[in-house]
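Okay, so here's the structure we're looking at.
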Amino acid sequence: MRDAPPDDAVLRAVMVPARASDAPFLAGMNTTLLRFDADALWRGVELPVQGRRKAGNVFRFLAEGDTAVSKEDLEWFCEHLVVELAAPPMTMDLQRPGPAEQLLLQRVRGEFGAGIHPNEGRLPADVAEALIRTVRAARQRGIEVTSQELLRRAQLRQDFGAVLRAHPVDRTLEVERPGAVGALVEAAGTAAADGDVLLVTGPPGQGKSWACQQLVEQLTHDGWLVAEHYCYLGDADGDQLARVMTESVFGSLLGRLAEADPGLVHDQRPRFAADEEALANAVATALRKNPVRRVALVVDGLDHVTRVHGGRTRRADPSLALAEVLSSLPLPAGSVLIVLSQPGTHLDPLRQAGAATVAVPPLALEELRGMAERLGLVPLKGSSQAEALLTDGRDVTEFLDALQERSGGNALYATYLCRAVALRPETIADAAATVRALPPYCDSLEDYYAHLYEALGAEADVVADIIALLGMPVTREELGQIVPDRGHRIDRALKVLAPVLSERTGQGEVRVYHESFARYLRLGYEDHPKWAVREYLSGSAVA
């Protein structure tokens, strides 16, 4: 029998057209489908003597001798076997594909997602060639062909384009906020009832990422299926730009859901592609599988999208553009999208879509005490240990009152104020006075940053500018090489800046503690960025 409908009289006698419900091996193939007729095979076909062939039933072996089978087994076989003939022709050249190659290319694109994010760099022809080579290797060398082996050789990303899972929270400083997190959990439950969006807002340094991480942990503990994505981890993050790409946001959220429950994406097509439709389908699948389990998608740091993109995109406001896409995400009842961000017009699309808004509250006095305890400024409550810098009860009370008064409960500013005392031993004698001598918090940290910059003076402010413009760790020696004429000012400048800098122990490298300070310093160079880099970095650097 050839790859065409049979012309042999015996085969024509026992084969019949396939049923209407039978489908070709690949959709789109215009082939001929046939089945064996079990009754005709059981009856057999009598042939006369012809040459060396004896007369008799050519299918006698089915009912007699060692090869005999039961009628039931034969019927089962015929019920499940479909013979497909007249397959489309092929050219054996994927660069000039024939009908057969076109079907393969369509399948690796539509089934796997070759040429589509996150595998946009893998052309369908390259993936198809890898699959063909794998099959050839299996035939020639007997290698075991598994799905993982095929994917490995096809070099396809299977993580949906998710960026590295990491959190921007420093656990050594993080303050537990059960009250604030409890309010967020309640608001998330209310929003999830109707498949709505929940906006969690707060000014810079308010502790949104603390709240975000604790919210994720609490929802997970409560039985929610949670997927989170942080748009910003810091200037040292190697995936900084990737984190703010829309495709990465959806890919990361989808990847987190797949990690928790691989079955949610098992039937997804293309299998490894990631976009808003794939994410919405995964959420819907999760709720169908377990209607009682609620689903939360958490995106932290939406305001950072525009800052990270900077001038690298033509969009006027990338944060606004991402908010527009998120606002159109179809979420079923039982799920919620939680977006944490600084306030701003970039949130308008989400508000217009009906999002509820909850503000992250300032740190209460007890929470401020917890921060001071972690920084070693005050003893643990109820502890008799005298390891803290402040041990006298009255000094502790006055310091905490001053901390609350000046910081306004802003977590970042409270951290700065604590560090201003902890990093300068001479201030311990009157820590409360040291804190009260600094500017009060007024809805932003600009007053404090301006105070530090002015304290540097005209001879040392260049040190702060360089650290901000570099955006990477730098040592005292390197600073001295960049501005050799100001080298004698570096130590004093770093001492003034100590509360807002982070130093790597043992390496002598310093960098900005929080990106808001670097952003404040860069504001003065927005109109002349090239001049700033040339003047401070290129022209003055010593090889």
Side-chain angles (χ1 to χ4, degrees), residues 1-112 124-125 127-147 149-150 154 267 269:
M1 187 170 68
R2 298 169 299 172
D3 191 15
D7 54 11
D8 182 88
V10 173
L11 290 174
R12 288 202 306 269
V14 296
M15 298 192 79
V16 295
R19 295 171 299 202
S21 59
D22 291 327
F25 178 68
L26 291 179
M29 290 180 64
N30 185 22
T31 53
T32 298
L33 302 180
L34 300 175
R35 282 181 173 273
F36 282 99
D37 184 330
D39 291 332
L41 285 172
W42 195 252
R43 288 193 304 270
V45 177
E46 297 287 341
L47 292 179
V49 175
Q50 183 176 350
R52 295 183 178 181
R53 185 183 68 192
K54 297 180 180 180
N57 182 359
V58 295
F59 293 112
R60 180 180 294 113
F61 66 91
L62 293 174
E64 300 177 5
D66 295 339
T67 60
V69 298
S70 67
K71 179 72 179 300
E72 291 76 13
D73 286 345
L74 180 64
E75 289 174 342
W76 183 94
F77 173 78
C78 293
E79 176 69 20
H80 290 81
L81 176 67
V82 175
V83 180
E84 188 168 5
L85 305 170
M90 60 183 178
T91 62
M92 300 290 288
D93 185 352
L94 289 169
Q95 300 304 317
R96 294 184 298 106
E101 287 87 0
Q102 289 286 6
L103 285 170
L104 177 59
L105 293 173
Q106 291 172 11
R107 190 166 189 186
V108 298
R109 185 184 298 109
E111 294 281 327
F112 288 160
V127 174
E129 177 65 23
L131 299 179
I132 292 172
R133 288 179 180 274
T134 304
V135 173
R136 285 175 180 165
R139 289 175 175 172
Q140 297 168 3
R141 302 195 298 272
I143 68 168
E144 182 180 1
V145 179
T146 64
S147 59
E149 178 65 12
L150 286 171
D267 296 327
R269 296 296 180 272

Under the criterion side chain to side chain contact (heavy atoms under 4.5 Å, CB included), I'd like the reasoning laid out for V10 against F59: C-alpha separation, chi angles, the key distance, then a yes or no. CA-CA 10 Å; V10 173; F59 293 112; 3.7 Å; yes
Test side chain to side chain contact (heavy atoms under 4.5 Å, CB included) on L131 and F112; report intermediate values, then the result. CA-CA 12 Å; L131 299 179; F112 288 160; 3.8 Å; yes
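For E79, the side-chain contact (heavy atoms from CB on, under 4.5 Å) partners at least two apart in sequence or on another chain are R19.
Side-chain contact between P99 and N30 is absent, with no heavy-atom pair separated by less than 4.5 Å. In this structure, P88 and T31 have side chains that are in contact, with non-hydrogen atoms separated by less than 4.5 Å. For the pair F25 and V82, the minimum side-chain heavy-atom distance is 4.5 Å or more. In this structure, the side chains of L85 and P6 come closer than 4.5 Å at one or more pairs of heavy atoms. With a 4.5 Å cut-off on side-chain heavy atoms, D22 and R35 count as touching. Looking at heavy atoms from C-beta onward, V135 lies out of side-chain contact with V145 at the 4.5 angstrom threshold.
Note that the CG atom of L26 and the CD atom of E111 stand 9.0 Å from one another [nearest 0.5 Å]. Atom CZ of R136 sits about 9.0 Å away from atom CZ of R139, to the nearest 0.5 Å. Between the CG atom in L105 and the CD atom in E129 there is a gap of 10.5 Å [rounded to 0.5 Å]. For the atom pair CG (L94) and CD1 (I132), the distance works out to 4.5 Å, reported to the nearest 0.5 Å.
The minimum heavy-atom distance between E101 and P89, with the atom names listed, is OE1-O, 4.4 Å. A pairwise comparison of heavy atoms in P124 and V108 identifies O-CG2, 3.6 Å as the closest pair. The heavy-atom pair separating A137 from I143 by the smallest distance is CB-CD1, 3.8 Å. Contact detail for Q95 and A125: the closest heavy-atom pair is NE2-CB, 4.2 Å.
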Determine all donor-acceptor pairs shorter than 3.5 Å in which one atom belongs to a side chain in residues 38-51; sequence neighbours excluded.
residue: D39; atom: OD1; partner: K71; partner atom: NZ; Å: 3.4
residue: E46; atom: OE1; partner: N57; partner atom: N; Å: 3.3
residue: Q50; atom: OE1; partner: R53; partner atom: NH2; Å: 2.8

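For the pair E75 (side chain) and E72 (backbone), a donor-acceptor distance under 3.5 Å is absent. At least one donor-acceptor pair closer than 3.5 Å links the side chain of T91 to the backbone N or O of R96. Remark: side-chain polar atoms of R269 are not paired, donor with acceptor, to backbone N or O of G110 under 3.5 angstrom. Side chain of T67 to main chain of F61: a donor-acceptor pair is present (N/O by atom type, distance under 3.5 Å, no hydrogens or angles).
Residue-environment remark: CZ (R133) stays at or below the threshold of 12 foreign heavy atoms within 6.0 Å. More than 12 heavy atoms of other residues, nucleotides or ligands sit less than 6.0 Å from atom CE of M29. More than 12 non-hydrogen atoms from other residues, nucleotides or ligands lie less than 6.0 angstrom from CG of D8.
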